[in-house]
Amino acid sequence: MTKIHILFVCLGNICRSPMAEYLMRDKVKKAGLQQKIETASAGTSGWNDGQDMHCGTADILDLYKISSEGFISRKVRSKDWVFFDYIIAMDDKNLQDLQSIFMQNNEKLFKITTLCPDLGVDNIPDPWYTHNFQQTYTLLDQCCDALLTKIRKKYSI
Ligand code: 4NP
């Protein structure tokens, strides 16, 4: 089996999508699946290209003993469509922008909250504006659990 590649996408690629990338990577590692599943993230805007993740994101990952090492923010590239098996948006605007960037749409592209219908929100709140990194972490934690369950089921891993 070739590796399953997951790309998380938000606007700036310094708050929500890096949090999802590193949180999911940690879950994958704890499940012993790091040879089978790889995570990455990108932003639709490119505003923070080359930067590290937001210190609030690094701090919340640190609080939960999750590594935040080696991150560099980058913009989504059109060739990401071919490489990634899952391209997962944080909110409705990211999803719309991704549909325009790729000029394609199929089941590999979706909004992360659709994995958890009982979450109580339709979009992952952006801590760049809310300053509430814990709220975003709690929501992403549930969504990443659901994502791992979905992938394990689909690939029988
Ligand atoms: P993110 O949050 O999309 O979750 O990374 C933002 C980060 C930076 C900006 C906006 C949102 N910004 O305006 O630079």
Side-chain angles (χ1 to χ4, degrees), residues 4-29 37-148 150-151:
I4 299 152
H5 293 100
I6 306 167
L7 184 69
F8 295 101
V9 179
C10 62
L11 176 64
N13 187 222
I14 54 170
C15 295
R16 293 165 296 172
S17 60
M19 200 187 291
E21 175 189 351
Y22 281 74
L23 177 52
M24 185 67 181
R25 185 175 298 148
D26 185 68
K27 289 182 187 297
V28 165
K29 193 173 169 202
I37 304 173
E38 251 181 40
T39 68
S41 67
T44 55
S45 68
W47 292 338
N48 305 282
D49 274 8
Q51 292 178 22
D52 202 344
M53 68 178 74
H54 193 290
C55 57
T57 294
D59 286 349
I60 200 83
L61 290 169
D62 198 43
L63 185 68
Y64 289 93
K65 313 239 174 303
I66 297 171
S67 157
S68 60
E69 269 176 53
F71 180 75
I72 300 172
S73 176
R74 74 156 175 97
K75 191 176 181 182
V76 173
R77 305 185 265 261
S78 50
K79 67 179 182 192
D80 287 332
W81 183 262
V82 180
F83 183 74
F84 288 96
D85 303 290
Y86 292 91
I87 299 176
I88 306 179
M90 296 293 130
D91 64 32
D92 287 319
K93 179 71 168 69
N94 306 150
L95 186 64
Q96 269 176 23
D97 289 342
L98 287 169
Q99 286 162 353
S100 325
I101 290 166
F102 296 129
M103 310 247 272
Q104 307 226 37
N105 195 8
N106 66 23
E107 68 282 355
K108 83 157 81 171
L109 175 60
F110 57 87
K111 190 174 57 167
I112 196 163
T113 52
T114 60
L115 293 164
C116 286
D118 299 330
L119 207 58
V121 293
D122 286 335
N123 295 282
I124 298 296
D126 190 344
W128 176 263
Y129 303 107
T130 66
H131 309 294
N132 191 340
F133 288 85
Q134 179 63 66
Q135 176 197 36
T136 295
Y137 180 91
T138 303
L139 293 166
L140 286 177
D141 188 41
Q142 294 171 73
C143 293
C144 287
D145 279 339
L147 179 61
L148 187 56
K150 175 186 164 95
I151 292 173

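One-based numbering, in listed order, for ligands and for the atoms of each.
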Participant: Could you identify the single nearest non-hydrogen protein atom to atom 4 (O) of ligand 1 and state the distance to 0.1 Å?
Facilitator: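 So the nearest neighbour among protein heavy atoms is Arg16 NE, 2.8 Å.
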Participant: Could you check atom 3 (O) of ligand 1 against the protein and tell me its nearest heavy-atom contact, residue, atom and distance included?
Facilitator: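 I find the closest protein heavy atom is Gly12 N, 2.8 Å.
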Participant: Got the closest protein heavy atom to atom 10 (C) of ligand 1, with its distance?
Facilitator: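 Protein heavy atom at minimum distance: Trp128 CD1, 3.4 Å.
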Participant: Is the closest side-chain heavy-atom distance between Phe71 and Leu61 below 4.5 Å?
Facilitator: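 Phe71 vs Leu61: side chains apart.
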Participant: Is any side-chain heavy atom of Phe102 less than 4.5 Å from a side-chain heavy atom of Ile87?
Facilitator: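 The answer is yes; the side chains approach within 4.5 Å.
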Participant: Under 3.5 Å between any N/O of Asn13 and any N/O of ligand 1: does that happen in this structure?
Facilitator: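 Between Asn13 and ligand 1, an N or O pair is found under 3.5 Å apart.
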Participant: Which ligand 1 atoms are under 4.0 Å away from a heavy-atom of Tyr129?
Facilitator: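 Counting atoms of ligand 1 from 1, those under 4.0 Å from Tyr129 are 10 (C).
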Participant: Write out the residue and atom name of the closest protein heavy atom to atom 1 (P) of ligand 1, then the distance separating them to 0.1 Å.
Facilitator: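 That would be Cys10 SG, 3.5 Å.
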Participant: Just by distance, do the side chain of Asp85 and the backbone of His5 share a donor-acceptor pair under 3.5 Å?
Facilitator: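 Checked: pair present.
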Participant: Does some side-chain heavy atom of Asn13 sit less than 4.5 Å from a side-chain heavy atom of Asn48?
Facilitator: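 Counting from C-beta outward, Asn48 and Asn13 never come under 4.5 Å.
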Participant: Using distance alone, with no hydrogens and no angle criterion, decide if Ser17 and Glu21 have a side-chain donor and acceptor under 3.5 Å apart.
Facilitator: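 The criterion, which ignores hydrogens and geometry beyond distance, is not satisfied for Glu21 and Ser17.
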Participant: Asn94 and Asp91: side-chain donor and acceptor closer than 3.5 Å?
Facilitator: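 A donor-acceptor contact under 3.5 Å links the two side chains.
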Participant: Purely on distance, is any nitrogen or oxygen of Leu11 under 3.5 Å from one on ligand 1?
Facilitator: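 Among all N and O atoms of Leu11, at least one is under 3.5 Å from an N or O of ligand 1.
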Participant: Counting only heavy atoms, which portion of Asp126 has something under 4.0 Å from ligand 1: side chain, backbone, both, or neither?
Facilitator: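 Contact part for Asp126 vs ligand 1: side chain (C-beta onward).
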Participant: For ligand 1, indicate whether the residue Asn48 contacts it via side chain, backbone, both or neither (heavy-atom separation under 4.0 Å).
Facilitator: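 The answer is the side chain.
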Participant: Could you tell me if the side chain of Ile112 sits less than 4.5 Å from the side chain of Arg16, heavy atoms only?
Facilitator: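 Result no, sub-4.5 Å side-chain heavy-atom pair not found.
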